[in-house]
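The structure appears right after this line, and notes come after that.
Just so it is clear, the values below take in all heavy atoms, side chains as well, and ignore hydrogens, waters and symmetry mates.
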Amino acid sequence: MKAKYNISFYYMIFLISALTLIPKELGTIFNIIPTRLGLIYFWFIIIFYELITKKIKLNRINTKPLVILYLLFIFTMFFGYFNAIDKILSFYTISKYICYGMLMFFIIKYPFNKKQINFLIDVVLLSAFFLIIYSFLQYFLDLNLNKNGIYKYPGAMGRVDVTFHNPIYFAIFLLGIIFLSFYKMNESVLLKNKIIYVILIFLTTTSIFLTFTRSVYLLIIIVLIIMFILSMFKKGKSKYQLYFSVSPMLFLILLLYMIPGAKYVYSSSLFQLFPGNYCVNFLNFTNKFLFTNIDLNRYVVEPSNQMTKDKKEDNKIVENNKTIKNNKIVENNKTIKNNKIVEDASLNARNNFKRTAKMVKKNYPLTGVGMGNYEKFVLANKDKYISDNEKFGYPHNLYLHITAETGYLGLLSFIVLIIYLGIIIFKNIFRKSKYISWVYVIILYINIILLGFYESVLYDIQITPIIIIIGYVIAIDSNIRNVECDKNEIKK
């Protein structure tokens with residue numbers, strides 16, 4: 001009996017499940033081979049075998065510009081290889097980026113049909129569903145919760161991360177699932193399917209809240225609003241479309257009251273973005289009229305008389321660990337503005353991490369310190385880059401991280417690659433079609449770019465392949481629908 005699909009497709013189904021569900025304890029094989037990286041490269045071996053034996057044939061989509069730009073980016077990574085303290089680690093990190101490029105290439109060129117794409121989407125969503133259920137168990141049973149920074153959110157027990165390296169990467173994964181669920185909900189015709197996807201959006205949003213990740217908390221508000229707008233502009237929408245589109249936003253507001261500590265993620269984010277009286281007045285308003293009951297004393301206290309005296313207009317003074325600039329005093333992780341003190345230790349720690357990365361890239365502007373060697377380099381030169389009272393931390397900025405390890409040439413080649421991908425997506429948006437599915441891809445694309453300013457997302461071998469798969473699966477499904485739409489127009 002002939003198999004319905006090729007081995008490479010069945011293995012891809014397994015690969016998607018493995019990328020999401022393999023626990024952190026099984027991250028390496030024999031403590032040597034990275035499990036997920038090995039599994040992805042094995043998929044490439046299967047594809048090469050099927051190409052040689054002519055069991056599959058790649059499609060004719062032109063990928064030459066993408067391949068050339070990506071190879072140029074990879075080439076710049078080798079400039080810092082000779083500066084790398086740990087050359088094996090550098091080679092391993094470069095191999096991850098090579099893996100991402102090959103994954104993009106083969107997903108674009110693989111001869112998927114409509115049933116296969118729907119099968120892949122179902123597997124991604126089903127794997128996500130299992131992780132979401134596990135995240136609920138992890139939180140409410142307190143199973144190895146991540147306690148990092150949880151003190152900022154009174155009432156919260158901890159942060160869920162399930163199989164991911166940290167809660168932030170899990171939250172980014174769930175953000176991708178939100179996109180995929182909204183996409184399927186809007187493209188579904190049957191009412192029962194729409195209800196299933198809305199329920200999955202509810203569960204995913206709840207799980208995101210349990211990660212207590214500020215950057216994703218802010219993005220999910222923007223995403224839900226945009227998804228609502230897209231739903232309203234979709235042609236042929238059902239009479240229940242308004243309810244399906246509005247309900248996730250209402251549910252998000254409800255979660256702020258239901259999950260202890262969740263409201264403090266938004267309050268701390270607001271203080272980060274808008275320090276001073278404007279934020280205080282807004283939160284006083286929400287406390288009074290929306291019953292948020294946020295304890296503002298956690299963020300704001302009156303400054304001492306001495307510090308008020310020390311304020312100088314339009315000057316910069318550094319004295320006794322105080323920095324005074326443009327009516328703003330910064331002292332020991334405190335920002336004083338408009339006679340108020342806003343404390344955010346994690347924000348100031350991240351600023352210190354970024355300052356260290358800027359120093360490294362300034363000293364190695366052309367070559368960087370070698371891929372994957374940022375931590376080893378900084379710790380080996382601790383006296384030069386880290387103060388006595390500071391701890392080491394990654395830059396929490398993908399672009400700074402890449403520059404520190406590959407130099408400005410690496411950053412430039414990476415930016416050119418990003419711009420090219422954006423051009424491809426925008427070109428597809430303006431194609432003649434009844435479907436606006438490519439808009440979902442561009443929103444996901446923009447969100448990943450924005451997240452790059454907060455996290456080094458591409459350095460993680462779990463989250464990056466999954467996001468690549470989600471983005472390209474939506475894009476490929478959109479192309480298939482566009483082709484079907486064009487054929488129907490011709491028939492008419």
Side-chain angles (χ1 to χ4, degrees), residues 149-157 159 167 171 175 178 201-202 204-229 231-232 242-243 245-305 307-308 311 325-331 333-348 350-351 447 450-451 453-454:
I150 201 63
Y151 66 90
K152 298 190 293 289
Y153 316 115
M157 297 170 56
R159 306 170 68 187
L175 191 64
I178 291 282
I201 292 170
F202 286 174
T204 306
T205 305
T206 306
S207 193
I208 287 178
F209 268 63
L210 298 181
T211 65
F212 294 94
T213 303
R214 283 186 289 191
S215 55
V216 179
Y217 263 52
L218 294 174
L219 283 175
I220 194 174
I221 295 177
I222 300 171
V223 166
L224 289 179
I225 293 173
I226 294 175
M227 294 296 105
F228 165 73
I229 295 172
S231 300
M232 292 298 96
L242 177 63
Y243 303 107
S245 303
V246 171
S247 57
M249 292 189 288
L250 297 177
F251 186 71
L252 183 145
I253 296 172
L254 183 63
L255 288 176
L256 289 174
Y257 296 91
M258 292 176 57
I259 299 178
K263 60 187 178 184
Y264 284 98
V265 181
Y266 281 114
S267 62
S268 63
S269 299
L270 287 173
F271 271 113
Q272 176 183 337
L273 296 172
F274 310 105
N277 289 332
Y278 291 110
C279 187
V280 174
N281 293 336
F282 175 77
L283 291 177
N284 276 327
F285 172 83
T286 62
N287 282 345
K288 183 176 181 180
F289 295 102
L290 302 179
F291 311 105
T292 52
N293 296 322
I294 295 172
D295 181 12
L296 297 181
N297 290 325
R298 296 185 56 82
Y299 305 106
V300 183
V301 295
E302 295 294 335
S304 64
N305 292 330
M307 292 177 70
T308 305
K311 291 178 74 174
K325 185 178 182 181
N326 298 329
N327 287 333
K328 184 187 288 184
I329 302 176
V330 178
E331 179 189 21
N333 298 328
K334 298 178 182 178
T335 301
I336 303 171
K337 187 175 182 181
N338 298 330
N339 294 326
K340 299 291 181 182
I341 297 179
V342 180
E343 297 185 272
D344 194 328
S346 64
L347 175 62
N348 282 278
R350 288 194 174 207
N351 289 335
N447 272 270
L450 293 176
L451 284 168
F453 289 99
Y454 297 96

Note: Tyr266 and Leu252 closest approach over all heavy atoms is OH-CD2, 4.1 Å
Give, for atom OG of Ser247 and atom CG of Leu254, the distance between the pair rounded to the nearest 0.5 Å. 12.0 Å
Closest non-hydrogen atoms of Arg214 and Val265, given as atom of the first, atom of the second and distance, are CG-CG1, 3.5 Å
Donor-acceptor contact present, side-chain Tyr264 to main-chain Tyr151, <3.5 Å: no
Shortest non-hydrogen contact between Lys263 and Ile294, atoms and distance: CD-CG1, 4.0 Å
Residue Phe282 excluded, over 12 heavy atoms near CZ under 6.0 Å: no
So, using ring-ring contact (aromatic ring centres under 6.0 Å, His included) as the criterion, who are the partners of Phe202 when residues are at least two apart? Phe251
Report the residues that fulfil side chain to side chain donor-acceptor pair (under 3.5 Å) with Thr292, sequence neighbours left out, ordered by chain and then residue number. Thr286, Asn287
Nearest atoms (heavy-atom pairs only) where Pro260 meets Gly155: CB-O, 3.4 Å
Could you give the distance from OG1 (Thr205) to CG (Leu210), rounded to the nearest 0.5 Å? 11.0 Å
Let me know which of Leu218, Val216, Leu175 forms a side-chain contact (heavy atoms from CB on, under 4.5 Å) with Val223. Leu175
Output for pair (Leu219 CG, Leu451 CG), nearest 0.5 Å, gives 5.0 Å
Spell out, as yes or no, whether a donor-acceptor pair under 3.5 Å connects the side chain of Tyr217 to the backbone of Phe209. yes
What verdict does the side chain to side chain contact (heavy atoms under 4.5 Å, CB included) test give for Leu290 and Tyr257, after you've listed the backbone C-alpha separation in whole Å, the side-chain angles of each residue and the deciding distance to 0.1 Å? CA-CA 10 Å; Leu290 302 179; Tyr257 296 91; 3.5 Å; yes
Enter the distance from Ser267:OG to Leu283:CG here, rounded to the nearest 0.5 Å. 6.0 Å
Quick one: sort the Phe212 and Tyr153 rings into parallel, tilted or perpendicular, breaks at 30° and 60°. parallel
Can you tell if the side chain of Ile259 reaches within under 4.5 Å of the side chain of Thr206, non-hydrogen atoms only? yes
Please list, chain by chain and in numerical order, all residues satisfying side chain to side chain donor-acceptor pair (under 3.5 Å) with Thr211, sequence neighbours excluded. Thr213
